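Let me begin by presenting the structure, written as structure tokens, before commenting on it.
Keep in mind the model is a prediction, meaning the values are calculated, not measured. Every number for a ligand or one of its atoms is a count from 1 in the order of the listing.
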Amino acid sequence: MEFMNRKPIIAGNWKLNKTIKEAIELVTLLKRLIQDTQSVDVVVCPVYTALSDVSEVLIESEIKLGAQDLYWEEKGAFTGEVSGSLLKDAGASYVIIGHSERRQFFHETHETVNKKTKAALKAGLIPIVCVGELLKEREAGQTFEVIQRQLEGAFVNFSKEEIQALVLAYEPVWAIGTGKVATPQQAQEVHAFIRKEIAKMFGAETATSLRIQYGGSVKADNIADLMREADIDGALVGGASLDANGFADIVRNAVSVTVK
Ligand code: PEP
């Protein structure tokens, strides 16, 4: 499979799961299971409270650490929030931004996604910016316009260089946690659309180099078919990332697609 020099990336979003002890157990096992995977970037995103301990376990490992959100202010009177520099301090190098659960349950808007993505880049983190349509939007034939609005909203006042420093995740909301994975063709159609939109906004070179993950009920038995599509550069994995063996199988199957 030719990835146009885009290194695929498999990231696990643990959501609100795992105590510190459970998180340490999971990554300790993952470290053992996931070796020789240089052709794919692997990231785990635990809850804030486990970041620092997980980062200790990941020293001298190829597996990278990510957070699930951040706040755009650096410091100050913002009770309950965590900034990009504090995530870096805890050992994170990635951060998920604009996940559909944040948009649905915590009222994230295009503007907050924009500010958070800017702040993440400023802190030296790699943002994983999520976009995706609701079931009712897909059924109403609005998928492309929803995605277009999300991209335009997220990337107001962005430079090419900033886009090149981030990862996008296409996550159809109807496929998240439902067991209803998009078909490789459905996902590819939207990934190609995203790349075309990014090309319009930031030029062909930026679009060609941008990594776009698919997310939504990814498992070991569907990752390879998804990644065989030309514009799918890996996956953001929710439920299946909570089990070390299942996640390691996803990574292994992703690696098998990258090795000719
Ligand atoms: C997610 O939360 O980003 C996700 C894709 O979840 P799941 O894999 O469980 O559908």
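- Protein residues having a heavy atom under 4.0 Å from any atom of ligand 1 are Asn13, Lys15, His99, Glu171, Ala175, Ile176, Gly177, Gly215, Gly216, Ser217, Leu236, Val237, Gly238, Gly239, listed by chain and number.
- Hydrophobic cluster membership of Leu134, counting Ile, Leu, Val, Met, Phe, Trp and Tyr whose side-chain heavy atoms lie under 4.5 Å apart directly or via other members: Val173.
- Counting only N and O atoms by type, the side chains of Ser83 and Glu74 include no donor and acceptor under 3.5 Å apart.
- In this model, a donor atom of one side chain and an acceptor atom of the other lie less than 3.5 Å apart for Trp174 and Glu133.
- Between His110 and the choices Arg103, Lys115, Glu152, the side chain to side chain contact (heavy atoms under 4.5 Å, CB included) rule is met once, by Arg103.
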Original post:
Passes salt bridge (charged side-chain N to carboxylate O under 4.0 Å, His left out), Arg195 versus Asp233? Steps please.
Top reply: CA-CA 12 Å; Arg195 214 176 287 290; Asp233 310 311; 2.9 Å; yes
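- In this pair, Phe155 and Phe202 present their aromatic rings perpendicular. The plane angle is above 60°, beyond the 30 to 60° band.
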